[in-house]
Amino acid sequence: MRQARPYSGIFCGGVSARTGPHALPLARIKKIMKRSAGETADGGARMISGEAPVVFSKACELFIAELTRRAWAATLEGKRRTVHKEDVATAVQNTDLFDFLVDVVMADAGGGGHAAAGQYDEDDGALE
């Protein structure tokens, strides 16, 4: 098992939000943001401040934590100790806040497999 290094923020509390390590890679978040922003009218580059990906990173962490808590509750109801994709699907179906994911988990649970691959249909803005 890998040991946490001092720069990881676990042992040192003086790391700032701007320069400190993040659970999710900021470069990847920024790439997704740029791709999702669409083309500008003048054809120029889309600019994203340095703080915006940090906020998105924290939002993603909170989203994953909340979905995990709800999936874990479904796991415990099934008297198991391992979270399965069916538990995540149950958490999504039982939570109004996650309604935007219902089609994704249903497609994955149905054996389509496309949602797991993350294929994005730009025509209608949905995962296929």
Side-chain angles (χ1 to χ4, degrees):
M1 186 162 90
R2 292 178 50 185
Q3 296 292 323
R5 297 185 181 150
Y7 67 82
S8 70
I10 294 173
F11 297 114
C12 58
V15 178
S16 72
R18 177 117 164 93
T19 60
H22 304 281
L24 300 171
L26 297 181
R28 179 70 176 131
I29 292 171
K30 193 169 185 177
K31 188 176 189 179
I32 292 168
M33 290 172 69
K34 281 190 173 191
R35 184 183 63 205
S36 300
E39 293 296 323
T40 58
D42 61 357
R46 295 168 299 274
M47 301 300 292
I48 297 172
S49 73
E51 295 84 12
V54 173
V55 174
F56 273 88
S57 176
K58 185 61 179 176
C60 289
E61 289 178 40
L62 294 172
F63 169 74
I64 292 168
E66 182 63 26
L67 184 55
T68 302
R69 276 191 288 275
R70 293 173 188 260
W72 181 247
T75 302
L76 293 177
E77 286 179 13
K79 296 182 174 56
R80 290 178 282 108
R81 296 187 54 135
T82 304
V83 177
H84 296 286
K85 65 181 180 180
E86 293 82 13
D87 300 320
V88 177
T90 300
V92 168
Q93 291 171 348
N94 294 340
T95 308
D96 292 339
L97 185 64
F98 299 140
D99 280 349
F100 68 98
L101 291 174
V102 169
D103 294 336
V104 175
V105 296
M106 286 302 168
D108 193 35
H114 290 81
Q119 295 176 349
Y120 185 77
D121 184 8
E122 293 185 15
D123 293 334
D124 63 355
L127 282 172
E128 289 188 79

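Atom-to-atom distance recorded for E66:CD and E61:CD is 14.5 Å, nearest 0.5 angstrom. The distance from the OG1 atom of T75 to the CZ atom of R81 is 11.0 Å, given to the nearest 0.5 Å. Atom CE of M33 is separated from atom OG of S49 by 7.0 Å, given to the nearest 0.5 angstrom.
The hydrophobic cluster containing L26 does not contain I32, counting ILVMFWY residues as joined when their side-chain heavy atoms lie under 4.5 angstrom apart, directly or transitively. Tracing side-chain contacts under 4.5 Å through hydrophobic residues (I, L, V, M, F, W, Y), one never reaches L62 starting from I29; they form parts of separate clusters. Under the 4.5 Å side-chain contact rule for hydrophobic residues, F98 and I64 share a cluster. Residues I48 and V55 fall into different hydrophobic clusters, defined by Ile, Leu, Val, Met, Phe, Trp and Tyr side chains chained together at heavy-atom separations under 4.5 Å.
Nearest heavy atoms, A71 versus A91: N-CB, 3.6 Å. Across all their heavy atoms, A74 and R80 have their closest contact at O-NH2, 4.3 Å. Contact detail for D87 and T82: the closest heavy-atom pair is OD2-O, 3.7 Å.
A donor-acceptor pair is defined here as one N or O able to donate and one able to accept, closer than 3.5 Å; such a pair exists between the side chain of T90 and the backbone of E86.
A centroid separation of 6.0 Å or more is found between the aromatic rings of F56 and F63.
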